[in-house]
Amino acid sequence: MSAHSMPEDVRREWMRTLLSAQKPRHSLLQPLYCDETLFNLEMETLIEAQWLFAGLECEIATPGQFLTVTVGRSSIIVCRNRAGELRAFYNSCRHRGSQICDAEKGKRASFVCPYHQWSYDLDGKLLRAPNMPDAFDASGYGLKAVHISSAAGIVFICLAETPPDFAAFQTALEPAVLPHKLQSAKVVHEITLEERANWKLVWENARECDHCAAGHPELMRTLQLFNFENPWDDPYISAFWRRCEASGLPSITKDGNGFRVGRVPFQPGQLSITMDGQPAVRRRLGDWPDQDIGSLRWAKYPGVFSHIHADYAIFVQIMPVAPELTSVTCKWVVHEDAVEGIDFDLERLVEVWRETNVQDLVFCERNQKGVNSKGYQPGPYAEPSEFGVWTFIDWYRSEMAKVVAA
Ligand code: FES
Ligand SMILES: [Fe+2]
């Protein structure tokens with residue numbers, strides 16, 4: 001049965017059945033990783049209803065700067081208006097629906113539709129509509145707005161009519177990120193990987209590190225592994241938290257519905273995620289006096305995880321495209337005044353995460369092939385090391401259960 005021929009109540013009932021048949025702390029039932037009907041239901045009811053990472057304020061620092069983000073079938077224009085405020089609209093002309101802006105980023109005084117030249121200002125208001133009769137009232141034909149918010153210089157959008165609460169996440173994230181001063185940063189490198197894997201497999205892979213020892217030789221030069229279920233049992237991380245918090249740097253892990261924020265140390269003596277553990281960038285992100293502040297790791301489902309170090313940050317955007325296709329974009333961020341060739345070497349800056357991301361792509365695509373097998377059966381997550389995986393899956397199940405509730 002195709003996605004379009006299944007009645008709405010039937011697909012919701014199927015989702016409810018699968019969710020309730022799910023064994024706790026086990027991987028999902030097969031259709032949840034590959035069926036198109038269920039994927040479309042997830043897109044419409046879960047993904048488009050959440051706050052999604054769109055980019056960084058520093059990418060659209062001045063009026064007219066914009067970037068575009070694709071969420072499901074919709075391209076969204078995210079820009080800064082003349083007053084310096086953030087705005088987001090559907091990239092769909094109010095004349096006959098043409099996509100207006102094909103560029104991924106840039107700067108415009110207005111957005112002009114290439115088809116018949118309807119033009120819109122930076123608030124989405126329709127300014128000109130050539131060939132329309134004099135009596136045409138442009139006021140009802142502005143670009144459709146999308147909700148937009150920001151936390152510590154990180155921009156989120158939500159396609160829902162009424163977005164969910166943003167404040168709890170913002171309250172947890174902002175104090176931890178603000179010392180890194182992302183408003184005075186810049187993106188110096190960006191790579192998008194199209195991964196032939198379901199978006200939940202991409203998240204499951206990102207939430208555990210049992211595969212790291214065998215799979216990520218570059219990353220494991222500096223990354224320290226922890227028991228994230230009971231971090232206070234680990235004297236190394238608890239001493240690190242006490243030292244950072246005593247210096248005024250928020251570090252202790254905070255969990256909320258669909259997000260986690262916490263700072264973790266590297267292996268002893270290491271200062272950054274690079275091949276030798278030494279900083280990749282001479283000019284630091286923010287002006288915190290101590291360089292030995294590990295990595296602020298945070299994640300917000302379903303769209304982003306990030307590692308912010310003293311010298312650079314990465315933001316990894318996870319965007320579901322199709323049941324077995326996920327777009328994963330990694331952005332590398334440094335201080336706005338850091339000069340390539342003087343303050344940092346680009347290859348040295350990007351090599352560990354570039355290699356790690358490609359290694360993860362291979363794991364995720366191989367995982368997808370295996371879960372598509374006739375012989376696939378959900379298996380148990382390891383305790384406690386796959387804590388991040390089952391908490392992600394628990395979040396997914398509870399959010400889906402809410403939206404498909406009868
Ligand atoms: S569709 Fe945009 S101006 Fe006609
Ligand atoms: Fe990995």
Side-chain angles (χ1 to χ4, degrees), residues 27 68 74-77 89-103 108 110-121 124-133 136-144 191 193 195-226 228 260 264 266-267 273 275 295 297-299 304-307 314-318 326 328-330 350-368 370 381-382 385-390 392:
S27 59
T68 53
S74 310
S75 169
I76 310 296
I77 298 172
F89 329 102
Y90 285 97
N91 189 1
S92 173
C93 182
R94 293 296 308 280
H95 177 215
R96 283 167 47 204
S98 170
Q99 179 164 296
I100 297 164
C101 180
D102 299 333
R108 303 270 162 87
S110 61
F111 292 100
V112 181
C113 180
Y115 207 177
H116 316 96
Q117 288 73 50
W118 282 32
S119 65
Y120 303 87
D121 73 9
K125 187 178 150 212
L126 180 60
L127 298 173
R128 285 184 63 247
N131 306 317
M132 296 304 284
F136 175 67
D137 177 9
S139 66
Y141 293 89
L143 294 177
K144 285 209 176 139
I191 295 176
L193 300 174
E195 306 196 2
R196 288 169 297 169
N198 184 270
W199 66 277
K200 299 184 293 300
L201 293 177
V202 173
W203 267 112
E204 289 184 49
N205 175 71
R207 304 310 288 144
E208 54 91 2
C209 220
D210 285 354
H211 68 275
C212 293
H216 297 314
E218 297 84 2
L219 185 65
M220 291 314 287
R221 286 163 167 248
T222 51
L223 200 79
Q224 178 79 29
L225 299 180
F226 297 105
F228 276 106
R260 164 165 266 231
V264 293
F266 302 121
Q267 291 173 25
I273 296 202
M275 290 298 274
S295 173
R297 292 195 215 166
W298 63 274
V304 64
F305 70 85
S306 165
H307 293 224
I314 60 150
F315 294 82
V316 180
Q317 179 178 39
I318 296 175
T326 305
V328 178
T329 297
C330 184
V350 307
E351 62 185 330
V352 173
W353 282 113
R354 181 192 59 210
E355 297 309 308
T356 301
N357 292 342
V358 171
Q359 290 152 0
D360 279 328
L361 172 148
V362 174
F363 282 122
C364 294
E365 293 191 346
R366 195 189 283 128
N367 198 168
Q368 181 73 57
Y381 295 128
S385 57
E386 290 184 320
F387 166 78
V389 187
W390 81 73
F392 163 69

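Source: prediction; values computed, not measured. Just so you know, ligand 1 is whichever comes first in the structure, and atom 1 is the first atom listed for that ligand.
Looking at Asp360, its N, O or S atom nearest to the Fe ion (ligand 2) turns out to be OD1.
Here Cys209 fails the criterion, with no N, O or S atom under 2.8 Å of the Fe ion (ligand 2). At a cut-off of 2.8 Å, Cys212 is not counted among the residues with an N, O or S atom near the Fe ion (ligand 2).
Across Cys364 and Asn205, no two heavy atoms sit closer than the pair SG-CB, 3.6 Å. Val358 and Leu193 get closest at one heavy-atom pair: N-CD1, 4.2 Å.
Atom 4 (Fe) of ligand 1 has His95 ND1, His116 ND1 as protein N, O or S atoms under 2.8 Å away.
A side-chain N or O of Trp298 and one of Ser306 form a donor-acceptor pair less than 3.5 Å apart.
Between Phe136 and Tyr141, the angle of the ring planes lies from 30° to 60°, which puts this pair in the tilted group. Between Phe305 and His307, the ring-plane angle classifies as perpendicular under the 30° and 60° cut-offs.
Side-chain N or O atoms of Ser295 include none that pairs as donor or acceptor with a backbone N or O of Phe266 at under 3.5 Å.
Not a single salt bridge (Lys or Arg N to Asp or Glu O under 4.0 Å) links Arg94 to another residue, sequence neighbours left out.
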